There are 2 protein chains.
Amino acid sequence: MKKSTDKSAAGVKEIARLAKVSIATVDRVIHNREGVSEKTKNKIQAIIQKLNYQPNVLARRLALASRGTIRLAVLLPNISGETEFWQAPLDGINQAEAEIKQYGIEIERYFFDQNDESSFDKQVKKIIRQKPDGILFTPIFPEESLVLTEDCKKKGIPYVMINSDIPGYDSLCYIGAEIFHSGYLAAQLVNYCVAKTQKVLVVKIAREIDNNYAILRKEDGFRAYFSDNKIQNKILTLDSKQTDYAAVAKKLDQLIKKENDIGAIFVTNSRVSVVAKYLRKAGLENVLLLGYDFTKDNVEFLKDGSIDFLICEKPQEQGYRGVMTLFQHLVYSNTIEKNYLMPIDIITKENYQFYRN
Amino acid sequence: MKKSTDKSAAGVKEIARLAKVSIATVDRVIHNREGVSEKTKNKIQAIIQKLNYQPNVLARRLALASRGTIRLAVLLPNISGETEFWQAPLDGINQAEAEIKQYGIEIERYFFDQNDESSFDKQVKKIIRQKPDGILFTPIFPEESLVLTEDCKKKGIPYVMINSDIPGYDSLCYIGAEIFHSGYLAAQLVNYCVAKTQKVLVVKIAREIDNNYAILRKEDGFRAYFSDNKIQNKILTLDSKQTDYAAVAKKLDQLIKKENDIGAIFVTNSRVSVVAKYLRKAGLENVLLLGYDFTKDNVEFLKDGSIDFLICEKPQEQGYRGVMTLFQHLVYSNTIEKNYLMPIDIITKENYQFYRN
DNA sequence: CTGAAAGCGCTTACAG
DNA sequence: CTGAAAGCGCTTACAG
């Protein structure tokens with residue numbers, strides 16, 4: 001390793017020397033602060049230009065570390081067996097926290113019950129009382145989310161939405177997939193694998209279907225693919241507001257008795273494992289089954305062939321990136337991409353081993 | 001933003017104070033350096049344990065920045081129209097360089113002709129002469145690569161392999177996909193989309209097929225899926241050591257005249273666009289076509305439906321991660337995962353827009 | 001409007 | 001075997 005040589009990145013000291021001022025003044029110009037005469041300001045800016053000065057991010061962070069703590073609030077569904085999905089974003093958030101807590105970032109976590117809008121409300125009130133410096137949340141309930149976003153706007157608190165978007169809620173940014181398109185993709189896969197004569201079933205399992213933007217958008221996308229491409233398969237629908245196995249199985253049973261020759265089933269969220277369990281018990285494993293998310297249950301059914309395709313949108317990375325975005329914005333005032341669209345990944349029995357959430 | 005409070009991460013100073021020694025001695029213990037009495041060493045280690053001391057990476061890097069430059073060498077195929085694929089790893093390398101050049105890392109790039117083993121040889125000699133501190137390369141030619149790895153071992157220079165692996169070449173680490181499995185995955189997709197009576201064609205297009213480990217492994221994996229699952233489709237083979245369109249088209253023409261009812265074609269590398277062009281011209285777009293890599297040409301054919309699936313292994317991330325790994329190893333002596341296996345992504349017409357290499 | 005000095009947490013000669 | 005001091009490049013009171 002030889003000693004670093006020439007162009008070794010001039011810093012504030014060098015600029016100060018060339019401009020015959022102190023580094024404090026250089027700093028003022030770099031940060032566009034008040035109280036520098038036009039003349040010296042111009043002189044310093046010229047030198048910065050000429051030297052193509054790039055601040056040393058390391059040193060900047062280190063110096064800043066001594067300042068105050070930044071407090072972020074995170075609002076996500078709580079994690080139960082049924083909603084294990086949300087572990088992934090949380091993992092990402094934890095990872096981000098580990099990386100940046102050295103810079104004085106603290107993260108407060110709030111959880112709500114996905115089946116209970118009032119629990120969302122309650123947590124929102126708590127957060128508002130805490131006055132965090134930035135918020136990360138997922139707008140599962142559009143109306144209730146509005147309370148939060150309105151308050152944030154009033155107080156100038158930046159907020160990031162992950163996993164699903166609500167157009168018109170003007171956030172700092174959205175990090176997640178284009179969910180309409182993920183339904184579209186599911187339809188493409190179905191079309192590859194199913195005969196033209198077979199029927200296709202869309203299953204929606206959630207306590208709050210009508211108020212669940214993501215679930216509805218996915219079905220829209222799914223249906224759009226068929227109509228855009230003039231594909232004639234008959235599309236059936238099954239909704240279940242009860243999310244337990246018994247209830248879903250019963251409904252499926254009734255439907256399948258009535259409708260013969262269903263070639264594929266598309267479940268619009270991570271509850272696909274419930275359907276997989278039913279198909280396995282009923283000996284209907286030749287039906288193509290697609291659903292969402294890389295949860296433990298789902299992967300088990302993927303392995304044994306009950307589930308054919310899982311669509312996955314890197315939930316862990318969403319959490320990670322969400323926190324990092326707030327960090328970038330609050331600490332460095334970086335400009336932020338309004339929509340960070342995640343890839344829409346296709347997971348099968350033969351590539352799940354290598355998947356990274 | 002309130003002032004940081006309590007547990008605000010004790011540092012070397014605090015440790016030194018508690019152990020009643022100087023911070024220099026603490027530093028010696030942290031880095032397991034010689035010349036500290038057992039007694040003080042134990043005392044300091046106990047305190048480090050108790051405080052759960054985490055070094056401040058920022059400060060460490062900043063302090064280290066003043067040391068010498070680290071020089072890395074990168075050896076990749078040159079980028080032509082035909083081998084545009086290699087732009088992606090190079091992009092990743094450039095990105096990594098931008099992030100770490102502040103820490104005194106310099107990267108020297110060397111290119112060889114993928115169709116000419118002697119050009120690889122020549123570049124290896126150049127690199128050896130330069131005595132870099134670390135090397136990143138792709139072992140397309142096993143024998144010629146051995147010259148490089150042997151020399152590195154002798155001199156203790158760490159090297160990282162990306163994109164394809166050669167088992168037994170004991171590198172610092174391999175970053176890339178499990179290529180056998182990527183062939184396996186391709187076969188699964190084919191099996192979903194093709195009738196049992198149809199034939200399947202494997203196409204290998206490369207100047208040096210027999211000496212190209214990756215291409216052979218992918219075919220192995222592809223075939224293994226069929227035999228493991230006792231699937232009976234007849235598998236045909238077409239090899240072309242000429243990589244230009246005219247030559248490949250001619251061979252395909254001959255084969256397709258002889259063999260009727262080919263349901264799918266699997267091309268074992270990024271040259272799949274050549275086959276796509278042929279199928280489009282021949283009006284055979286109903287044949288399922290699969291191949292590798294997110295190149296501009298391939299994506300064009302994906303869009304128009306000539307290619308159905310592209311398998312992609314994040315080449316840009318491979319380059320990025322390769323450089324970062326050498327950096328971690330050389331600067332922080334971090335322990336490195338021996339095999340960093342990339343996901344094997346499935347790209348279609350309906351999700352390519354969101355893919356990130 | 002401007003500057004001298006201290007500090008961020010760590011590393012490294014150098015001196016004993 | 002151990003310590004005092006300078007330095008990494010930047011930021012921030014504080015004093016003028």
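Computed from a predicted structure; not experimentally measured. Every chain is numbered from 1, with letters handed out A, B, ... down the list of sequences.
Between A/Leu148 and A/Ile135, the closest heavy-atom pair is CD1-CD1, 4.0 Å.
Using the six-membered ring where Trp is involved, A/Phe294 and A/Tyr355 have ring planes that are tilted, between 30° and 60° apart. Using cut-offs of 30° and 60° for the angle between ring planes, the A/Phe137 and A/Tyr159 rings count as tilted.
Comparing D/dT12, C/dT11, C/dG7 by their closest approach to the side chain of B/His31 singles out C/dT11. Of the candidate nucleotides D/dA13, D/dA4, D/dG9, D/dG9 has the atom nearest to the side chain of A/Leu62. Taking only side-chain atoms of B/Lys13, from C-beta outward, the nucleotide of D/dG9, D/dA13, C/dC8 with the closest atom is C/dC8.
Within a 6.0 Å radius of NZ in A/Lys155, other residues, nucleotides and ligands contribute more than 12 heavy atoms. Residue-environment remark: NZ (A/Lys153) exceeds the threshold of 12 foreign heavy atoms within 6.0 Å.
Between the CD1 atom of B/Ile30 and the C1' atom of C/dT12 there is a distance of 14 Å, rounded to whole Å. One can place NZ of B/Lys41 at 11 Å from P of D/dT2, the figure rounded to the nearest angstrom. With rounding to whole Å, A/Ile23 atom CD1 is found 11 Å from C/dA6 atom C1'. Between the C1' atom of D/dT11 and the CG atom of A/Asn32 lies a distance of 16 Å, rounded to the nearest Å. Rounded to an integer number of Å, the gap from NZ of B/Lys43 to P of D/dC1 is 15 Å. For A/Ile44 and C/dC1, the CD1 to C1' distance is 11 Å, given to the nearest whole Å.
Considering only side-chain N and O atoms, A/Thr25 lies nowhere under 4.0 angstrom from the phosphate OP1 or OP2 of C/dT2.
Between B/Gln45 and the choices B/Gln49, B/Lys41, B/Lys43, the side chain to side chain contact (heavy atoms under 4.5 Å, CB included) rule is met once, by B/Lys41.
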What nitrogen or oxygen pairs link the protein and nucleotides 14-16 of chain D at under 3.5 Å?
none

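Mapping B/Asp27 and A/Lys20 onto DNA chain C by nearest heavy atom places A/Lys20 closer to the 5' end of the strand.
Residues A/Val74 and A/Glu108 fail the side-chain proximity criterion, which asks for heavy atoms closer than 4.5 Å.
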Secondary-structure string, 5' to 3', Watson-Crick or G-U under 3.5 Å, | for another-strand partners, for DNA chain D: |||.||||||||.|||

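Residues that satisfy the ring pair (Phe, Tyr, Trp, His ring centres under 6.0 Å) test with A/Phe85, not counting sequence neighbours, are absent from this structure.
Without hydrogens or angle criteria, A/Arg321 side chain to A/Ile162 main chain gives no donor-acceptor distance under 3.5 Å. Remark: side-chain polar atoms of A/Gln318 are paired, donor with acceptor, to backbone N or O of A/Glu313 under 3.5 angstrom.
Looking at A/Arg109 and A/Asn94, their side chains do bring a donor and an acceptor atom within 3.5 Å of each other. For the residue pair B/Asp91 and B/Gln95, no side-chain donor N or O sits within less than 3.5 Å of a side-chain acceptor on the partner.
For A/Arg356 and B/Tyr340, the positive end sits near the middle of the six-membered ring, less than 6.0 Å away and at most 45° from its axis.
A salt bridge (charged side-chain N to carboxylate O under 4.0 Å, His left out) check over residues 166-177 of chain A, counting only residues at least two apart or in different chains, returns the pairs A/Asp170-A/Lys338.
Remark: B/Gly35, B/Val36, B/Ser37, B/Thr40 in residues 33-40 of chain B come within less than 4.0 Å of DNA chain D through at least one heavy atom. Residues from residues 47-55 of chain A placing a heavy atom under 4.0 Å of any atom in DNA chain D, listed by number, are A/Tyr53, A/Pro55.
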